[in-house]
Amino acid sequence: MLFAGTFEAELLLELMLRHFGHPLATDREYRNSLLEAVAGVLHASADGEILIEDFPPDDMNFVAAPWFVRRLRSTTSTRMLGVPGLVN
């Protein structure tokens with residue numbers, strides 16, 4: 001994740017959540033949890049881990065990662081994945 005700092009990542013995530021009308025967009029604790037999970041997904045992808053079938057790790061980005069985290073949190077027990085921050 002090549003950001004000048006976490007501020008840019010936090011801001012982008014909040015703007016994305018607000019744009020899509022997410023009910024927890026204003027919940028700082030939720031956003032921080034999601035941001036931590038997104039960072040874990042991006043780090044795992046940078047290490048070459050395939051997290052989405054037929055989706056190369058090099059294609060994982062800051063738009064796809066939050067979608068992936070939200071989908072996992074709503075459909076599976078994410079403790080088994082071993083990605084930091086991905087806990088139900």
Side-chain angles (χ1 to χ4, degrees):
M1 177 161 67
L2 295 176
F3 285 101
T6 58
F7 174 75
E8 288 87 352
E10 291 174 23
L11 179 61
L12 178 57
L13 185 61
E14 183 173 352
L15 291 173
M16 288 168 54
L17 291 172
R18 287 178 187 264
H19 176 76
F20 291 107
H22 192 282
L24 297 174
T26 59
D27 184 334
R28 180 181 297 273
E29 190 173 312
Y30 174 78
R31 288 193 319 266
N32 288 339
S33 170
L34 182 57
L35 186 59
E36 181 181 331
V38 166
V41 165
L42 293 174
H43 285 294
S45 293
D47 290 341
E49 189 172 342
I50 297 172
L51 300 171
I52 302 173
E53 189 177 341
D54 298 326
F55 193 78
D58 290 343
D59 289 344
M60 184 61 76
N61 57 51
F62 202 81
V63 175
W67 170 86
F68 175 71
V69 169
R70 293 237 329 118
R71 181 171 177 170
L72 279 179
R73 284 181 173 177
S74 67
T75 60
T76 65
S77 172
T78 55
R79 290 181 191 274
M80 297 170 51
L81 292 175
V83 176
L86 284 181
V87 178
N88 283 336

How many angstroms lie between CZ in Phe68 and CG in Leu51, if you round to the nearest 0.5 Å? 4.5 Å
Could you check if a side-chain atom of Arg73 sits within less than 4.5 angstrom of a side-chain atom of Ser33, using non-hydrogen atoms only? yes
Heavy-atom nearest pair, Val38 first then Val69, reads N-CG2, 4.0 Å
Please find the pair of heavy atoms, one from Phe62 and one from Leu12, that lie closest to each other, and give the distance. CD2-CD2, 3.3 Å
Minimum heavy-atom distance Pro57-Gly48, with the two atoms named: CG-O, 3.4 Å
Can you list the residues that meet the side chain to side chain contact (heavy atoms under 4.5 Å, CB included) rule with Leu15, with sequence neighbours excluded? Leu11
When you compare the side chain of Leu34 with that of Tyr30, does any pair of heavy atoms fall below 4.5 Å? yes
Could you tell me whether Arg70 atom CZ has more than 12 heavy atoms of other residues or ligands within 6.0 Å of it? no
hydrophobic_cluster_shared for Val41 and Ile50, side chain cutoff 4.5 Å: no
Any donor-acceptor pair under 3.5 Å from Asp47 side chain to Glu49 backbone: no
Heavy-atom closest contact (Arg31 atom, Leu24 atom, distance): CG-O, 4.5 Å
Salt bridge (Lys or Arg N to Asp or Glu O under 4.0 Å) pairs touching residues 52-69, sequence neighbours excluded, are none
Nearest non-hydrogen partners of Val63 and Met16, listed with the distance: CA-CE, 4.1 Å
Any salt bridge (Lys or Arg N to Asp or Glu O under 4.0 Å) pairs touching residues 18-29, not counting sequence neighbours? Glu14-Arg18
